[in-house]
Amino acid sequence: MVAYSILLPTYNERENLPLVVWLLMKYLGDSEYATTGISFEIIIIDDNSPDKTQEVVKELQKLYGEEKIVLLPREKKLGLGTAYIHGLKHARGDYVIIMDADLSHHPKFILDFIRKQREADYDIVSGSRYVESGGVFGWDLKRKVISRGANYVAQVLLRPGASDLTGSFRLYKRDVLEKLVKSCISKGYVFQMEMLVRANRAGYSVGEVAITFVDRVYGQSKLGGNEIVSYATGLLKLFIST
Amino acid sequence: MIKAVEWLIGGVALLGIWITALLNLRSFQLSSFETTLILYLPLWGVLSFGLISIGIIAYRTATLRDCPEAAKELTLQIKEAKADLKRKGLKF
Ligand SMILES: Nc1nc2c(ncn2[C@@H]2O[C@H](COP(=O)(O)OP(=O)(O)O)[C@@H](O)[C@H]2O)c(=O)[nH]1
Ligand SMILES: [Mg+2]
């Protein structure tokens, strides 16, 4: 029996992945929940990363076992949304945790997510950088303004009932995530926002947990280019459709 | 209800009230200051909404916490993890 499935989509995360897995083992493998029966699996969805992330995954499987570390390879870069769908098909847990594999999401917060979820049987627990004791590291003023501005506009237009819309560190009940992910069509940052907006419209309960977000140390962000433009159009689409 | 429709209904309702007020402006017997106030009411509305928004975004930007302690913890843990994984024979 697996209670929690942790989905880690990876694209060129060879340096980060072993560290993330090590931290997951540190906090979940030996935690206060260990005795009360937290069981988990780590599902890595890798899109044939040129840096050979999959070699590292195989090494990790030797170390921690193929039960704990599940590798789902895909033949080419197909994007985050479909990576979650693919990972979900193989997830055995009743709850699914999605997080980035670039160390900007610290595994220690998963314990807070689980605690929060149990508090009121939430359908979703969302990590938020924007609530008390949350925060960011490595952001300059410009990035802060853009992030806060973009979030404010979305709050005003969509009233989604959650403070951090573009984050991607969350816990979902598996059936809730299955339903949501199928109804979401956006890409990039808007995808994460659409998930919470649709959850809000469908009446799912969302709890929030403060998280700190430390910008990635190794590797490069894959989101880039015309982020602001695609965010604005995505936001408008949600405005007229949800 | 779709949010765009909510906004539309709200907007039309407010506009309706304003236009009604404009049409009955004479019967109110207002000073010239009050008349201009009502005449440009939507403009004042948009302006103050914009100013308040800028204020809120500025406040939220200023209060977005930097968390050097989290970065420090992570740096230490990365070192620890690397050493431990190497000891366990992981090739990476
Ligand atoms: N499988 C898969 N993972 C991806 C893809 N794009 C990004 N990722 C992973 O998704 C996570 C977040 O991506 P990142 O580039 O850090 O986005 P950012 O944090 O918004 O800049 C990381 O773990 C990436 O390795 C993709 O196309 N396929
Ligand atoms: Mg990242």
Side-chain angles (χ1 to χ4, degrees), chain A residues 14-23 25-26 55-56 58-60 62-64 103-104 106-108 129-130 132-139 141-153 155-160 197 201 210-215 217-218 236 238-242, chain B residues 1-18 41-92:
Chain A
R14 176 186 187 101
E15 277 177 289
N16 290 311
L17 191 65
L19 307 172
V20 175
V21 170
W22 187 85
L23 283 168
M25 291 299 171
K26 176 182 164 85
E55 276 179 4
V56 181
K58 285 180 188 133
E59 286 291 316
L60 287 164
K62 276 188 222 153
L63 196 56
Y64 296 112
L103 285 173
S104 52
H106 198 296
K108 70 180 174 186
R129 295 160 286 190
Y130 303 140
E132 243 176 288
S133 80
V136 295
F137 184 81
W139 286 19
L141 184 64
K142 185 179 155 203
R143 182 142 175 224
K144 283 184 178 177
V145 173
I146 291 173
S147 154
R148 290 317 252 138
N151 194 67
Y152 174 78
V153 176
Q155 294 290 346
V156 170
L157 293 182
L158 300 175
R159 270 171 286 132
V197 171
R201 308 299 190 250
I211 58 161
T212 53
F213 181 100
V214 179
D215 238 4
V217 189
Y218 302 108
L236 278 180
L238 288 177
F239 182 57
I240 57 174
S241 65
T242 67
Chain B
M1 203 194 313
I2 287 173
K3 283 289 173 284
V5 179
E6 275 182 29
W7 276 81
L8 207 68
I9 293 173
V12 169
L14 288 177
L15 221 63
I17 295 171
W18 177 60
L41 207 55
L43 185 66
W44 309 141
V46 170
L47 276 180
S48 37
F49 182 71
L51 286 177
I52 291 169
S53 295
I54 290 171
I56 290 175
I57 293 169
Y59 175 77
R60 288 184 179 173
T61 302
T63 53
L64 179 52
R65 208 170 66 81
D66 275 310
C67 40
E69 79 291 344
K72 208 166 162 194
E73 182 193 25
L74 185 63
T75 313
L76 288 176
Q77 287 182 329
I78 287 175
K79 265 201 206 113
E80 204 188 327
K82 279 186 171 166
D84 187 51
L85 287 169
K86 212 162 265 161
R87 202 164 44 75
K88 287 178 175 147
L90 188 94
K91 291 189 218 76
F92 68 108

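The figures that follow rest on heavy atoms only: side chains count, while hydrogens, waters and symmetry mates do not. Naming: A, B, ... by sequence-line order, numbering from 1 per chain.
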A/Leu60 versus chain B, the contacting section by heavy-atom distance below 4.5 Å = both
inquiry  = Using a 4.5 angstrom heavy-atom cutoff, name the option from B/Ala71, B/Ala70, B/Ala62 with the most pairs to chain A.
reply    = B/Ala71
inquiry  = Heavy-atom pairs under 4.5 Å with chain A - which of B/Val5, B/Ile54, B/Ile56, B/Leu85 has more of them than the others?
reply    = B/Leu85
request  = Identify which of A/Arg14, A/Arg129, A/Glu15, A/Arg159 forms the greatest number of heavy-atom pairs closer than 4.5 Å to chain B.
outcome  = A/Arg159
request  = Starting at CG of A/Leu238, measure out to CG of A/Leu157 and round the result to the nearest 0.5 Å.
outcome  = 10.5 Å
task = Taking only Lys NZ, Arg NE, NH1 and NH2, and the carboxylate oxygens of Asp or Glu, determine whether B/Glu6 and B/Lys3 approach each other closer than 4.0 Å.
result = yes
ask   = Between A/Tyr218, A/Tyr130, A/Phe213, which shows the greatest number of heavy-atom pairs under 4.5 Å with chain B?
value = A/Tyr218
inquiry  = Just so I understand: if I count every heavy-atom pair under 4.5 Å between each of A/Ser147, A/Gly138, A/Pro18 and chain B, which residue has the most?
reply    = A/Pro18
query = Tell me, side chain or backbone of B/Thr63 under 4.5 Å from chain A's heavy atoms, or both, or neither?
reply = neither
key: Among A/Val156, A/Val153, A/Asn151, residue most engaged with chain B (heavy-atom pairs, under 4.5 Å)   = A/Val156
message = With a 4.5 angstrom heavy-atom cut-off, is it the side chain or the backbone of B/Glu73 that approaches chain A, or both, or neither?
response = side chain
remark   = Counting heavy-atom pairs under 4.5 angstrom with chain B, the leader among A/Leu236, A/Val145, A/Val56 is A/Val145
query = Under a 4.5 Å heavy-atom cut-off, does chain B meet the side chain of A/Val21, its backbone, both or neither?
reply = neither
query = Atom CD1 in B/Ile52, atom CD1 in B/Ile57: separation rounded to 0.5 Å?
reply = 12.0 Å
inquiry  = Report which part of B/Leu64 has an atom under 4.5 Å of a heavy atom belonging to chain A: side chain, backbone, both, or neither.
reply    = both
Short N-O contact, A/Arg143 and A/Asp215, less than 4.0 angstrom = yes
Side chain / backbone / both / neither for A/Leu17 at chain B, heavy atoms under 4.5 Å = neither
request  = Look up atom OG1 in B/Thr61 and atom CD1 in A/Ile146, then write down how far apart they are to the nearest 0.5 Å.
outcome  = 10.0 Å
remark   = Scanning both residues in full, the closest heavy-atom pair of A/Tyr64 with A/Met25 reads CE2-CG, 3.6 Å
ask   = What heavy-atom pair brings A/Val197 and A/Pro160 nearest, and what distance separates the two atoms?
value = CG2-CB, 4.0 Å
key: Interatomic distance, A/Ile240 atom CD1 to B/Leu8 atom CG [nearest 0.5 angstrom]   = 12.0 Å
task = Working to the nearest 0.5 Å, report the span between NZ of B/Lys82 and CG of A/Leu19.
result = 6.0 Å
